[in-house]
Amino acid sequence: MYFWLMKSEPDELSIEALEKDRRARWDGVRNYQARNYLRDMQEGDLFLFYHSSCALPGAAGIARIAASAYPDPTAIDPQSPYHDARATPQANPWSAVDVEFVECFPQVIPLARLREEDALSEMPLLKKGSRLSVMPVTAGQWQRIVELATGRSNY
DNA sequence: GCCAACGTTGGC
DNA sequence: GCCAACGTTGGC
């Protein structure tokens with residue numbers, strides 16, 4: 001079991017929308033490093049749902065990988081904003097996973113708050129200039145963030 | 001292989 | 001809207 005963090009613009013998919021729908025496809029990732037992490041995910045892995053490009057960027061909740069990586073259908077869909085003209089059904093370089101809702105944090109843990117934690121300073125999320133949208137989270141980082149968010153000392 | 005130009009990300 | 005920083009593209 002591994003821990004991850006994935007960024008989403010709440011206008012596209014928020015933790016609240018996932019709570020309502022229970023399950024969603026996580027698609028549109030168009031960066032090779034992020035894609036490789038998607039491919040490393042296993043059903044049952046947990047991830048921090050991070051809201052980006054919004055009024056209050058930060059960790060908003062927890063979700064779970066419901067289906068491991070498969071070819072991202074949006075890459076070969078000409079109608080999709082994520083369409084990639086070089087992708088074909090036979091050779092689709094992009095991957096998607098399915099995710100399911102676990103919990104909303106009582107309050108979003110803002111990016112600025114995460115930055116105050118020495119224990120989190122190694123997270124790619126907090127490194128200057130990092131734009132990676134899918135990243136691994138260590139057990140220690142996971143525990144610290146869940147504790148900040150919920151008061152629970154363990155998950 | 002180098003590197004300038006470009007488009008994108010994402011916080012502020 | 002601004003802009004720093006990044007990844008990708010494509011000419012050479």
Side-chain angles (χ1 to χ4, degrees), chain A residues 2-21 24-41 45-65 68-99 101-138 140-150:
Chain A
Y2 292 97
F3 298 114
W4 307 93
L5 180 148
M6 296 208 280
K7 297 180 189 173
S8 178
E9 298 185 18
D11 288 350
E12 281 286 317
L13 177 68
S14 66
I15 186 78
E16 291 82 8
L18 183 62
E19 178 171 24
K20 190 155 154 283
D21 295 345
R25 187 176 67 210
W26 202 283
D27 55 27
V29 171
R30 295 293 177 268
N31 167 281
Y32 284 106
Q33 191 179 357
R35 181 210 65 180
N36 291 343
Y37 285 136
L38 285 181
R39 291 180 176 182
D40 289 338
M41 293 175 176
D45 284 357
L46 296 172
F47 68 95
L48 291 163
F49 196 121
Y50 180 90
H51 285 172
S52 68
S53 293
C54 57
L56 184 61
I62 294 173
R64 182 188 296 117
I65 304 303
S68 59
Y70 56 91
D72 181 352
T74 66
I76 56 171
D77 175 4
Q79 305 307 314
S80 170
Y82 304 119
H83 180 238
D84 178 354
R86 294 166 301 187
T88 66
Q90 293 73 32
N92 182 348
W94 302 115
S95 297
V97 296
D98 288 349
V99 304
F101 176 78
V102 175
E103 69 172 291
C104 276
F105 290 149
Q107 310 156 111
V108 171
I109 308 301
L111 178 61
R113 179 69 186 87
L114 297 174
R115 288 195 191 284
E116 291 173 6
E117 292 291 313
D118 287 343
L120 303 178
S121 62
E122 292 306 310
M123 295 184 74
L125 177 75
L126 305 179
K127 297 269 185 178
K128 186 181 178 190
S130 172
R131 302 186 318 196
L132 192 59
S133 64
V134 179
M135 68 193 75
V137 172
T138 69
Q141 292 161 350
W142 180 271
Q143 229 163 281
R144 187 72 197 109
I145 294 171
V146 170
E147 191 178 354
L148 278 176
T150 69

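Numbers restart at 1 for each chain; the letters A, B, ... are given by sequence-line order, proteins then strands.
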A.B. asks: Does any non-hydrogen side-chain atom of A/Phe47 lie less than 4.5 Å from one of A/Ile65?
C.D. replies: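 Yes. Closest side-chain heavy atoms under 4.5 Å.
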A.B. asks: To the nearest 0.5 Å, what is the distance between CG (A/Leu125) and CE (A/Met135)?
C.D. replies: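 It is 5.0 Å, given to the nearest 0.5 Å.
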A.B. asks: In plain terms, say whether A/Arg35 and A/Asp72 are close enough for a salt bridge, that is, a side-chain N and a carboxylate O under 4.0 Å apart.
C.D. replies: no
A.B. asks: In sequence, state the C-alpha distance, the side-chain angles, and the governing distance for A/Val97 and A/Trp4, and then conclude on side chain to side chain contact (heavy atoms under 4.5 Å, CB included).
C.D. replies: CA-CA 13 Å; A/Val97 296; A/Trp4 307 93; over 6 Å; no
A.B. asks: Roughly how far, to the nearest 0.5 Å, is the NE2 atom of A/His51 from the CG atom of A/Leu56?
C.D. replies: 10.0 Å
A.B. asks: So, taking the atom named NZ in A/Lys7 and the one named OG in A/Ser53, what distance separates them when rounded to the nearest 0.5 Å?
C.D. replies: 8.5 Å
A.B. asks: Any side-chain heavy-atom pair from A/Trp94 and A/Tyr32 closer than 4.5 angstrom?
C.D. replies: yes
A.B. asks: Hey, where on DNA chain B does chain A first and last touch, going 5' to 3'? Cut-off is any atom under 4.0 Å from a heavy atom.
C.D. replies: B/dG7 to B/dG11
A.B. asks: Which range-with-range stems can be found for DNA chain B when each stem has 3 or more Watson-Crick or G-U pairs in a row and both distances sit under 3.5 Å?
C.D. replies: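 As far as DNA chain B goes, consecutive pairing (with distances under 3.5 Å) yields the stems B:1-12 with C:1-12.
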A.B. asks: Count the heavy atoms belonging to other residues, nucleotides or ligands that lie under 6.0 Å from CD of A/Gln107, then report whether that count exceeds 12.
C.D. replies: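 No, CD of A/Gln107 has 12 or fewer neighbouring heavy atoms, counting only those of other groups under 6.0 Å.
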A.B. asks: Report yes if the side chains of A/Tyr50 and A/Pro57 come closer than 4.5 Å at any heavy-atom pair, otherwise no.
C.D. replies: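 A/Tyr50 vs A/Pro57: side chains touch.
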A.B. asks: Pull out every residue in residues 74-89 of chain A that has a heavy atom closer than 4.0 Å to any atom of DNA chain C, ordered by number, or say none.
C.D. replies: A/Arg86
A.B. asks: Is the shortest side-chain heavy-atom distance between A/Val134 and A/Met41 below 4.5 Å?
C.D. replies: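 Touching, per the 4.5 Å side-chain cut-off.
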